Amino acid sequence: MSKKLKDAYTLSSREDTINLYKYWSKDYDKDFAVRNNYKSPQKVVKYFLKYSKQNDNPILDVGAGTGLIGEYLNNYAKLNIHAVDFSKEMLDQARKKGCYTKIINADLNHKLEIASNTYGAVLSSGTFTHGHLGSSVLNELLRIVKPGGLFVISIHQDIYVKSGFKKQFKVLGSKILNLINHRVKIYGKKKNQKTNDDKVIISTFRKNFSFAHQ
Ligand SMILES: C[S@@+](CC[C@H](N)C(=O)[O-])C[C@H]1O[C@@H](n2cnc3c(N)ncnc32)[C@H](O)[C@@H]1O
């Protein structure tokens, strides 16, 4: 595991997280994504393409970082995708890719300045992980998604139970529909290199069609 990935997994404060990504933003794509053959964003996009319907828009990329999800999705379709992240520097990199129609600099651990029932889909990769976002964020995301809206979010398998995602899905009960957990490898094969076998759970589900937030 690289030093920066180790640092990312052991973050314990908001300030440390913002500082790490400020420092990492310019070479995140090359230093982390390309070097490790990081596949989570492509896999999230793959499940979005599998389950989405035409009216699942606009789309919100949660913890968008440098915009890898937007970049991959843009290869398949020109969609209305917004990015939210609290790292200004990571969002600056995402902005350069020109695949987001709106960039939102906000902390996902706080109430978002977004109206209820706004988004048709929420996508996320690499953000529900060690030292990052926990399961409590799901309530706020559910609020800003339209009834029937689609979620495709990666959750690191090590925190799925530990950080309360399993329990949270049970608590949400009939507020969500068709929950499927897809267990996939985070990293692809690398020539002549030992593969890191870490996995994420990509949870796909919809907000109940008859559940609109006031
Ligand atoms: C590992 S990066 C993943 C970026 C991108 N989704 C990807 O797959 O490459 C995690 C991102 O989550 C963001 N993040 C972490 N905690 C956050 C919070 N509380 N609010 C908003 N963004 C947060 C970080 O700034 C960082 O850009």
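Whatever order the structure lists ligands and atoms in, that order sets their numbers, starting from 1. Throughout, numbering of the chain's residues begins at 1 and tracks the sequence. Bear in mind the structure is a predicted one, so any value in this text is a computation, not a measurement.
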- [ ] Look at atom 4 (C) of ligand 1 and find which of G131, G63, G126, A33 reaches it with the closest heavy atom.
- [x]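 When every heavy atom of G131, G63, G126, A33 is considered, G63 comes closest to atom 4 (C) of ligand 1.
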
TODO: With atom 11 (C) of ligand 1 as the reference point, say which of N109, N105, D85 has the nearest heavy atom.
DONE: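 Shortest heavy-atom distance from atom 11 (C) of ligand 1: D85.
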
I need the nearest protein heavy-atom contact for [atom]: residue, atom name and distance, please.
| atom | value |
| --- | --- |
| atom 20 (N) of ligand 1 | L108 N, 2.9 Å |
| atom 2 (S) of ligand 1 | Y21 OH, 3.6 Å |
| atom 14 (N) of ligand 1 | F86 CE2, 3.6 Å |
| atom 9 (O) of ligand 1 | Y28 OH, 2.7 Å |
| atom 19 (N) of ligand 1 | D107 OD1, 2.9 Å |

TODO: Pick out which of I69, L123, V84 makes a side chain to side chain contact (heavy atoms under 4.5 Å, CB included) with V62.
DONE: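 Exactly one option meets the side chain to side chain contact (heavy atoms under 4.5 Å, CB included) with V62, and it is V84.
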
Open item on the list: Between H110 and F86 (judged by ring centroids, cut-off 6.0 Å), do the two rings come close enough to count as a pair?
Closed with: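 Centroid separation for H110 and F86: 6.0 Å or greater.
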
Could you grab the distance from atom [atom1] of [X] to atom [atom2] of [Y], nearest 0.5 Å is fine?
| X | Y | atom1 | atom2 | value |
| --- | --- | --- | --- | --- |
| D61 | I59 | CG | CD1 | 9.5 Å |
| K102 | I81 | NZ | CD1 | 14.5 Å |
| S116 | L142 | OG | CG | 10.5 Å |
| I202 | K43 | CD1 | NZ | 7.5 Å |

Of the side chain and backbone of [X], name the one, both, or neither that has a heavy atom under 4.0 Å from an atom of ligand 1.
| X | value |
| --- | --- |
| L68 | side chain |
| S125 | both |
| S124 | neither |

Open item on the list: Checking the N or O distance criterion of under 3.5 Å, is ligand 1 in contact with D61?
Closed with: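 Min N/O separation from ligand 1 is not below 3.5 Å for D61.
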
Open item on the list: Please check whether H132 reaches ligand 1 - meaning an N/O of the residue sits under 3.5 Å from an N/O of the ligand, judged on distance alone.
Closed with: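 H132 vs ligand 1: no N/O contact under 3.5 Å.
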
Classify the ring geometry of [X] against [Y]: parallel below 30°, tilted from 30° to 60°, perpendicular beyond 60°.
| X | Y | value |
| --- | --- | --- |
| Y38 | F32 | tilted |
| W24 | Y28 | perpendicular |
| F205 | F169 | perpendicular |

Open item on the list: So for T127, does at least one of its heavy atoms come nearer than 4.0 angstrom to any atom of ligand 1?
Closed with: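 Checking ligand 1 against T127, which is what was asked, there is a heavy-atom contact under 4.0 Å.
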
TODO: Answer with yes or no whether P41 contacts ligand 1, where contact means a heavy atom under 4.0 Å from a ligand atom.
DONE: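 Judged by the 4.0 Å heavy-atom criterion, P41 does count as contacting ligand 1.
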
Task: Name of the residue among K189, R183, K185 meeting salt bridge (Lys or Arg N to Asp or Glu O under 4.0 Å) with D197 - done: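 For D197, the salt bridge (Lys or Arg N to Asp or Glu O under 4.0 Å) test succeeds with only one of K189, R183, K185, which is K185.
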
Contact atoms of ligand 1, heavy-atom distance to [X] under 4.0 Å:
| X | value |
| --- | --- |
| M90 | 27 (O) |
| A106 | 20 (N), 21 (C) |
| L133 | 18 (C), 19 (N) |
| Y38 | 7 (C), 8 (O), 9 (O) |

- [ ] Examine K97 relative to Y100 and say whether NZ or CZ is less than 6.0 Å from the centre of the six-membered ring and inside a 45° cone about the ring axis.
- [x]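 K97 over Y100 ring: no.
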
